[in-house]
Amino acid sequence: MAELNRRQVVRGLCGGVAGALLAPRAFAAGTIPIDDKSVLIVVDVQNCFLPGGSLAVKDGDQIVPIINRIAKKFAHVVLTQDWHTPGHVSFASAHPGKAAFEVISLPYGDQVLWPDHCVQGTPGADISKDISIPHAELVVRKGYNKNVDSYSAFLEADKKTATGLAGYLRERGLTRVFVAGLATDFCVAWTAMDAEHAGFQTFVIDDASRGIDNRGSLAAAWTAMEKAGVKRINADDLA
């Protein structure tokens with residue numbers, strides 16, 4: 001069922017789930033404690049995904065001050081970074097005759113084709129200079145396998161190849177994961193669902209994230225996350 005949900009997000013099959021965008025909040029403001037077993041994962045706040053970037057997420061820059069503010073509540077912060085090779089399999093330019101945002105089938109499943117983005121060593125791959133989290137403890141790079149995409153900070157898209165993040169968190173004794181960043185319906189959602197599946201209590205901070213919404217993928221992602229057990233909160237819900 002989890003894989004079906006993910007395919008629905010990729011394909012934008014959102015029939016009957018539009019109401020997910022208006023789901024009521026389950027927590028009162030200031031009621032979710034942050035303890036020494038909590039970690040904030042800030043997903044892919046990189047130049048390519050911000051205004052002016054090759055795969056800009058609408059209003060993506062608006063989450064930066066929110067992330068900077070809430071990061072101060074956490075003793076433990078992990079940043080993630082899309083880190084693609086030139087000619088990466090997820091790029092439309094690597095598939096003659098295909099256009100960005102088309103979906104193709106690859107050996108590991110359905111793949112949305114994207115504009116070239118976050119190519120290793122380029123300014124577009126840099127984490128935004130406006131992200132100010134000097135106490136961040138780890139940067140996880142993902143998507144560097146030329147032949148497999150990796151939305152999730154935990155597993156590549158083949159669902160077999162681990163990044164090592166789950167082991168790192170367990171070694172550190174961290175059990176509660178809070179996810180924010182770009183984009184809600186892809187890298188944030190995949191990261192959150194894999195965190196929950198790995199046994200971490202997982203929250204997505206809605207107003208500290210923004211989505212692409214490719215043919216209804218945002219609503220589909222929220223539905224998939226809810227079914228996976230991920231909790232949806234806002235920044236002000238944090239104590």
Taking the side chain from Ser38 and the backbone from Ile34, do they hold a donor-acceptor pair closer than 3.5 Å? no
Got a sec, which residues hit ring-ring contact (aromatic ring centres under 6.0 Å, His included) with Phe101, two or more places apart in sequence or on another chain? Trp114
Smallest separation among heavy atoms of Val177 and Val179, with atom names: CG1-CG2, 3.6 Å
So Val45 and Ile67, side-chain contact (heavy atoms from CB on, under 4.5 Å) or not? Walk me through it. CA-CA 10 Å; Val45 185; Ile67 288 173; 4.0 Å; yes
Using the side-chain contact (heavy atoms from CB on, under 4.5 Å) rule, pick out the option among Cys118, Pro123, Pro115 that qualifies with Cys48. Cys118
If every non-hydrogen atom of Tyr108 is compared with every non-hydrogen atom of Asn147, which pair is closest and at what distance? CE2-O, 3.4 Å
Do Val39 and Phe178 come within less than 4.5 Å of each other through their side chains, counting heavy atoms only? no
Can you tell me how far CG of Asn47 sits from OG1 of Thr122, rounded to the nearest 0.5 angstrom? 9.0 Å
Looking only at heavy atoms, which two atoms of Thr80 and Ala153 are closest? And how far apart? CG2-CB, 3.7 Å
Taking the side chain as everything from C-beta on, heavy atoms only, tell me whether Thr191 gets closer than 4.5 Å to Phe186. no
Presence of salt bridge, Asp194 and Lys159, under 4.0 angstrom: yes
Salt bridge (charged side-chain N to carboxylate O under 4.0 Å, His left out) involving Arg170 - partner list, sequence neighbours excluded: none
Write down the atom of Ala99, the atom of Ala92, and the distance for their closest heavy-atom approach. C-CB, 3.7 Å
Tell me, do Thr85 and Val119 make a side-chain contact under 4.5 Å, heavy atoms counted? no
Given Ile41, which of Leu79, Leu165, Thr202 fulfils the side-chain contact (heavy atoms from CB on, under 4.5 Å) condition? Leu165
Transitively linked via ILVMFWY side-chain contacts under 4.5 Å: Phe74 with Ile131? yes
Listed by chain and number, what are the side chain to side chain donor-acceptor pair (under 3.5 Å) partners of Thr184, not counting sequence neighbours? none
What I'd like to find out is whether the side chain of Phe154 reaches to under 4.5 Å of the side chain of Val140, using heavy atoms alone. no
Run the side-chain contact (heavy atoms from CB on, under 4.5 Å) check on Val204 and Trp222 step by step: do they pass? CA-CA 10 Å; Val204 167; Trp222 281 118; 3.5 Å; yes
Report the residues that fulfil side chain to side chain donor-acceptor pair (under 3.5 Å) with Arg141, sequence neighbours left out, ordered by chain and then residue number. Gln81
Check whether Phe91 and Val103 end up in the same hydrophobic cluster, where Ile, Leu, Val, Met, Phe, Trp and Tyr are linked by side-chain heavy atoms less than 4.5 Å apart. no
Say whether, by atom type as modelled, one donor and one acceptor occur between the side chain of Asp185 and the main chain of Asp213 under 3.5 angstrom. yes
Restricting to pairs with a member in residues 50-59, which pass salt bridge (charged side-chain N to carboxylate O under 4.0 Å, His left out), not counting sequence neighbours? none
Could I get the full list of salt bridge (charged side-chain N to carboxylate O under 4.0 Å, His left out) partners for Asp130, not counting sequence neighbours? none
Decide yes or no for Gln201 and Lys231: does some side-chain heavy atom of the first lie under 4.5 Å from some side-chain heavy atom of the second? yes
Glu156 (side chain) donor-acceptor with Val148 (main chain) under 3.5 angstrom: no
Quick check: is Trp83 connected to Val139 through a chain of hydrophobic side chains (ILVMFWY, heavy atoms under 4.5 Å apart)? no
State, to 0.1 Å, how close Ala180 and Ser209 come at their nearest heavy-atom pair, and which atoms those are. CA-OG, 3.4 Å
Distance from Tyr151 atom OH to Met193 atom CE, nearest 0.5 Å? 11.5 Å
Among all residues two or more places apart in sequence or in another chain, which pass the ring-ring contact (aromatic ring centres under 6.0 Å, His included) test with Phe200? none
Residues in side chain to side chain donor-acceptor pair (under 3.5 Å) with Asp158, at least two apart? Thr161
Between Tyr144 and Leu155, is there shared hydrophobic-cluster membership here, with clusters defined by ILVMFWY side-chain heavy atoms closer than 4.5 Å? no
For side-chain contact (heavy atoms from CB on, under 4.5 Å), just list the numbers for Val112 and Ser90, CA-CA rounded to whole Å, side-chain angles, deciding distance to a tenth of an Å, and then say yes or no. CA-CA 7 Å; Val112 178; Ser90 69; over 6 Å; no
Is any side-chain heavy atom of Gln120 closer than 4.5 Å to one of His84? no
Roughly how far, to the nearest 0.5 Å, is CD1 of Ile212 from CG of Leu218? 10.0 Å
Per the salt bridge (charged side-chain N to carboxylate O under 4.0 Å, His left out) rule, what does the pair list look like for residues 29-40, sequence neighbours excluded? Asp35-Arg176
Using the salt bridge (charged side-chain N to carboxylate O under 4.0 Å, His left out) rule, collect all pairs that involve residues 131-140, keeping only residues at least two apart or in two chains. Glu137-Arg172
Could you go through the side-chain contact (heavy atoms from CB on, under 4.5 Å) check for Ile233 and Asp207 one step at a time? CA-CA 8 Å; Ile233 64 172; Asp207 56 342; over 6 Å; no
Sequence neighbours excluded, every pair satisfying salt bridge (charged side-chain N to carboxylate O under 4.0 Å, His left out) that has a member inside residues 63-86: Arg69-Asp236, Asp82-Lys142
Restricting to non-hydrogen atoms, name the atom on Leu182 and the atom on Val188 that form the minimum distance, rounded to 0.1 Å. N-CG2, 3.7 Å
Is any side-chain heavy atom of Ile104 closer than 4.5 Å to a side-chain heavy atom of Asp110? no
Which word best sums up how the rings of His117 and Phe49 line up, parallel for under 30°, tilted for 30 to 60°, or perpendicular for over 60°? tilted
Residue pairs passing the side chain to side chain donor-acceptor pair (under 3.5 Å) test with at least one member in residues 92-101, sequence neighbours excluded, are Ser93-Asp116
May I ask you to test the Asp126-Gln46 pair for a side-chain heavy-atom distance under 4.5 Å? no
